[in-house]
Protein chains: 2
Amino acid sequence: MLTPPESFGVSVRDMRRLDGTDVRLLLALVADPRGTVVAFAQALGLSRNTVQARMTALESRGALLPFDRRIDPVALGYQLTAFITVHVHQPRLPAIVQGLAQIPEVVEAYGLSGPSDLLLRVVARDAEDLFRINGAVLAVAGVERAETSLAMGEVIPYRMVPLLEASGRAHPATAHETLG
Amino acid sequence: MLTPPESFGVSVRDMRRLDGTDVRLLLALVADPRGTVVAFAQALGLSRNTVQARMTALESRGALLPFDRRIDPVALGYQLTAFITVHVHQPRLPAIVQGLAQIPEVVEAYGLSGPSDLLLRVVARDAEDLFRINGAVLAVAGVERAETSLAMGEVIPYRMVPLLEASGRAHPATAHETLG
DNA sequence: GCAGCGACTGAGCAGAATGCTCACTCCGCC
DNA sequence: GGCGGAGTGAGCATTCTGCTCAGTCGCTGC
């Protein structure tokens, strides 16, 4: 895996990769999601101006996913999480997805390669609720089989920090960075 | 069964359910993650004071998940997402989880009921990278089998709004709420 | 070698938001 | 009837934001 021709900084607007400064900013954001621009500027040893520019750039570049992601279903009363692998009549996939999207408890769905076609992440208030939801999934026209696995525990909570750190090492720094 | 209570992240938090006002605030937050307290107060027809109190309450209550969740792996150069179901030697589960946690690309992991023991969400830069990661998973002592399914598409992007709306209808309002 | 360009900086400024406190009002509850 | 929780409006010092401008630095292209 080669590093791109090493111009540093984000010169191209559509460039996907973040440079070291962006990564450090994200790390700071993780440490204090509601921190002020001023605080980050100080923490990163950058000027307020720069941080402000980077922040808006991150947003407009789509490096930040929607806020939905930060809402804990448990707080809403959905204590259970389950994963449902779904086998479908493939030609009808689009309609099936539409049908599944009607079920609020389906909080995420991926199309998969391999033996099963779809992987759903669902949340439920309790076991009975999960049973009902499972039924709702099966009721979607085109769904041929659904296998539910209850999440017994989130053994590794969603995390991006290790990747950020790896990414930071890969893109060491911009010209102006002198901090370790 | 295979649940050492403490090692699993999903502990029973003694959080009260969110009331209608909290839900409306979350909805507003989804609409504008960086919105100011003042703006939300106006949007919800509440006083600035109240919104401020609710916001801090939400945070301290743990209704908001870490910021990690909002970082898009694609922006970091991880173009691929895959799900790996893992069968393990169950008595060694805690050590296995520890081992898996060493792999940065494993961004999330759940203990499952049912045929497989673990479900991993992994990200990778490309196919070759995914192959390497798959190897790393298999190399963890105690892992007996791992089946990788590549995510071909995020057919339903992670979403909480439908649940919020349902939740809002379920908990109509607090005593002071008169707004629709 | 020099001009251009992009990234970063420091300064400045008006207006807005924050954090906090206080006094007061509702409303349900024991 | 008194209490406590939740909300309100006001006030105030401090801080942050959003924006602009002029200037520096280092690479890139001519």
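Only this structure's heavy atoms are used, side chains among them; waters, hydrogens and symmetry mates stay out. A note on names: the letters A, B, ... follow the listed sequences, proteins ahead of strands, and every chain is numbered from 1. This is a predicted model, so every value here is computed, not measured.
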Heavy-atom check, side chain of Glu154(B) versus side chain of Thr81(B), under 4.5 Å:
no
Count the heavy atoms belonging to other residues, nucleotides or ligands that lie under 6.0 Å from CZ of Arg132(B), then report whether that count exceeds 12.
yes
Side-chain touch Val30(A)/Ile71(B), heavy atoms, less than 4.5 angstrom
yes
Can you pull out how bent the helix from dG1(C)-dC30(D) to dC30(C)-dG1(D) is, comparing the axes over its first five and last five pairs, to 10°?
40°
Rounded to whole Å, CG of Leu25(A) lies from P of dC8(C) at a distance of 11 Å
Can you check each nucleotide of nucleotides 10-18 of chain C against protein heavy atoms at under 4.0 Å and return B for base, S for sugar-phosphate only, - for none, in 5' to 3' order?
BBB----SB
Residues in salt bridge (charged side-chain N to carboxylate O under 4.0 Å, His left out) contact with Glu144(A), at least two apart in sequence or another chain
none
Determine whether Leu118(A) and Leu93(A) make a side-chain contact, defined as any pair of heavy atoms from C-beta on separated by less than 4.5 Å.
yes
With a cut-off of 6.0 Å (strictly less than), are more than 12 heavy atoms of other residues, nucleotides or ligands near CD of Gln52(A)?
yes
What is the distance, to the nearest angstrom, from the CZ atom on Arg24(B) to the P atom on dG7(D)?
11 Å
Between Asp19(A) and Arg54(A) (salt bridge meaning N to carboxylate O under 4.0 Å), is one present in this structure?
yes
Are Leu65(A) and Leu29(B) linked, directly or through intermediate hydrophobic residues, by side-chain heavy-atom contacts shorter than 4.5 Å (ILVMFWY only)?
no
